[in-house]
Amino acid sequence: MVRINRELCTGCENCLPYCTVEAISIKEGRAFIDPSLCTECYVCVRNDICPVGAIEKTPIEDFIHRFQHVISDPTETTAETGVPGRGTEEAKTNDVTGRYKKGEVGVCIDMGRPGVGVYLRDVEKVAMAVAAAGLILEGPEETPLAQLMENIKTGKIRSDLPNVRFLSIIIEGKCPIGVLPKVLQALKEVEDKIDTVFSLGLATVVDENGYSPVLDVIKELNLPEPVRGKVNVGLGRPLAAI
Amino acid sequence: MTHSLHRSGDMESLRGDYVWLMYQAKGINDTNIKEKAEEFIAVAEAVGSENWGDVKSGPKVILTVEEIKKRVTNQSRLRGVFTRKEQLVEFLRKIKEKNLGLSVIISGLLKETIEACKEAGLKPHTINFSLGVWGKKELLPKEDILAITTMCGHHMISPRLVEKIADQVKKGKLSPEEGGRLLALFCPCGIFNQVRAAKLLAGKITS
């Protein structure tokens, strides 16, 4: 965990703008890290921003703070998935994994992003809404968030964790494209019930022009046509059957 | 992970921003990565990738090419950024010729990236489409700040840091290029586009 050494801190305020979640403030003339806001992303310690070295790392001894750190610091790897950071390989290796077959769509709900942060109580609202709408959530061997769920089928998070905060954490799942309208409708309904933001990505196999029936669903629901995307160009080998 | 997918900004500035990623799939084609990564590095350097790196090693804006190469392991996943579509096309052509068998992903405006695939003789396989930001959007910083912070998709660059750097640029204490480079130091992956950031910093960023 990160703490301020008050003996060393001069209260110069240099560290304040670097904190990704505004968890650092000045109290009684010295910097203070609010533990309820800090996500253990380690930007402040990794980049050596304190001129007198007053920001210190202390050993993380409990599971949830360790988890919080691994998810919020992209230089870390989640042991269970083997993937650095917070999610799966999703579309990035779909040419060789075949994670998403033709007729399926992967839904990547990046909770707290961009830069707002998220409490698990809001993650649970969204996860339960999309699970009820038919999204099959990725399991604990695929995505870190599932390790915090007491029920992977419903998206229910462990009841002792609602106030744990992350810089961002991803809800991932997939469903037949025919179920996607219900999932998107559920997201439209739940977006007004959360105290944060999320960025949404839909991963699917496409034709040579980048077309997928997923684009028709987006249009039918009057959602803005996507202008940005992450394109797997199909060079991975061996190619998976899709 | 979707750290390169949801970059923000107007269409004109997004036209100067293309992310590339090299990926092995766990348990399928994740052996002999170090030598393949060196091939990717050679192509990225030949084409002039402005920034690139490996999240476990660090980005080119901090380390030398040789230092990154020494640190590359079989777990490394290289990522980087181009500022021109021509670079992207050339990169794809050269990587296709090398036939390394790793997944290659490009992230940017769909019209441009799909055209780049065609020009390089490739067919898109899978796309992760960005549907933008949902929820309580009033919590977001202003769009001109967001255009910079979202270039580190892991959000290691805070809005307040962008405001601080923009203020120093405005006061003439830093050039826009110096400001862009300073911000790039905080993105460990190497996908922060310091060239685009400099252009944005030279514009009107308001705190």
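Lettering of chains follows the sequences in order, A, B, ..., and the numbering in each one begins at 1.
In this structure, NE2 in B:His154 is found 10.5 Å from OG in A:Ser72, a value given to the nearest 0.5 Å. Separating the OG1 atom in B:Thr126 from the CZ atom in A:Arg99 is a distance of 11.5 Å, to the nearest 0.5 Å. A distance of 9.5 Å separates NZ of A:Lys92 from OG of B:Ser107, quoted to the nearest 0.5 Å. The distance from the CG atom of A:Asp95 to the OH atom of B:Tyr23 is 13.0 Å, given to the nearest 0.5 Å. Annotation: the span from A:Leu200 atom CG to B:His6 atom NE2 amounts to 7.0 Å, rounded to 0.5 Å.
At a threshold of 4.5 Å between non-hydrogen side-chain atoms, the residues B:Cys117 and A:Val231 count as touching. Inter-residue side-chain proximity for B:Leu5 and A:Ser199 is flagged as unmet; no heavy-atom pair is nearer than 4.5 Å.
Of the residues considered (A:Leu223, A:Asp195, A:Thr97), A:Asp195 shows the highest number of contacts with chain B, using heavy-atom pairs under 4.5 Å. Contacts with chain A were tallied for B:Val133, B:Ile127, B:Leu185; B:Ile127 has the most, counting heavy-atom pairs under 4.5 Å. Among the candidates B:Ile95, B:Leu131, B:Ile28, the residue making the largest number of heavy-atom pairs closer than 4.5 Å to chain A is B:Leu131. Most heavy-atom pairs under 4.5 Å with chain B: of the set A:Arg228, A:Lys188, A:Lys193, A:Glu191, this distinction falls to A:Arg228. Contacts with chain A were tallied for B:Leu122, B:Ile106, B:Leu102, B:Leu140; B:Ile106 has the most, counting heavy-atom pairs under 4.5 Å. Between chain A and the options B:Ala120, B:Gly135, B:Ser103, the largest number of non-hydrogen pairs under 4.5 Å is found for B:Ser103. With chain A as partner, the option from B:Leu110, B:Thr113, B:Leu161 having the largest number of non-hydrogen pairs under 4.5 angstrom is B:Leu110. Per-residue counts of heavy-atom pairs under 4.5 Å with chain B were compared for A:Thr20, A:Val233, A:Ile218; the largest is that of A:Val233. With chain B as the partner, the residue from A:Val227, A:Val21, A:Ile194, A:Val105 showing the most heavy-atom pairs under 4.5 Å is A:Val227. Among A:Leu167, A:Asp192, A:Val214, A:Leu239, the residue with the largest count of heavy-atom pairs under 4.5 Å with chain B is A:Leu167.
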Please assess A:Val206 against B:Phe129 for the test side chain to side chain contact (heavy atoms under 4.5 Å, CB included), listing each intermediate value before the final yes or no. CA-CA 11 Å; A:Val206 296; B:Phe129 294 99; 4.1 Å; yes
Verdict with reasoning, A:Thr77 to B:Gln75, per side chain to side chain contact (heavy atoms under 4.5 Å, CB included): CA-CA 10 Å; A:Thr77 300; B:Gln75 282 72 48; over 6 Å; no
Stepwise side chain to side chain contact (heavy atoms under 4.5 Å, CB included) test for A:Arg46 and B:Met156: CA-CA 11 Å; A:Arg46 197 170 53 248; B:Met156 299 289 101; 3.1 Å; yes
Kindly indicate, with the supporting measurements, whether the criterion side chain to side chain contact (heavy atoms under 4.5 Å, CB included) is fulfilled by B:Lys164 and A:Asn14. CA-CA 11 Å; B:Lys164 179 183 173 179; A:Asn14 189 66; 3.6 Å; yes
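Applying the 6.0 Å contact sphere to NZ of B:Lys199 captures no more than 12 heavy atoms from other residues, nucleotides or ligands. B:Glu143 CD: more than 12 foreign heavy atoms inside a 6.0 Å radius. More than 12 heavy atoms of other residues, nucleotides or ligands sit less than 6.0 Å from atom NZ of B:Lys34. Surrounding NZ of B:Lys94 are at most 12 heavy atoms belonging to other residues, nucleotides or ligands under 6.0 Å away. Residue A:Lys101 qualifies as enclosed at atom NZ: its count of foreign heavy atoms under 6.0 Å is above 12. Taking a 6.0 Å sphere around NZ of B:Lys136, one finds it holds more than 12 heavy atoms contributed by other residues, nucleotides or ligands.
Across every non-hydrogen atom of A:Glu208 and B:Pro124, the tightest pair is O-CD, 3.4 Å. Counting all heavy atoms, side chain and backbone alike, B:Lys56 lies closest to A:Glu76 at NZ-C, 3.5 Å. Of all heavy-atom pairs spanning B:Trp134 and A:Leu184, the tightest one is CZ3-O, 4.2 Å. Nearest heavy atoms, B:Arg160 versus A:Leu16: NH2-O, 2.9 Å. In plain terms, the two heavy atoms of B:Ser158 and A:Cys19 that are nearest each other are CB-O, 3.3 Å. Across every non-hydrogen atom of B:Val104 and A:Leu235, the tightest pair is CG2-CD1, 3.9 Å.
Proximity to chain A is absent for every atom of B:Leu100, based on heavy atoms less than 4.5 angstrom apart. Only the backbone of B:Gln24 comes within less than 4.5 Å of a heavy atom of chain A; no side-chain atom from C-beta onward does. With a threshold of 4.5 angstrom between heavy atoms, B:Thr149 does not approach chain A through any atom at all. Residue contact with chain B, scored on non-hydrogen atoms closer than 4.5 Å, involves the backbone and the side chain of A:Glu22 alike. Interface remark: B:Lys96 contributes backbone and side-chain atoms alike to the contact with chain A (heavy atom separation under 4.5 Å). At a 4.5 Å heavy-atom cutoff, the contact between B:Ile114 and chain A is made by side-chain atoms alone. In this structure, chain B has heavy atoms under 4.5 Å from both the backbone and the side chain of A:Leu187.
A donor-acceptor contact shorter than 3.5 Å links the side chain of B:Asn29 to the backbone of A:Arg237.
Side chains of B:Lys118 and A:Asn209: a donor on one and an acceptor on the other come within 3.5 Å. Looking at A:Thr93 and B:Lys26, their side chains never bring a donor and an acceptor atom within 3.5 Å of each other.
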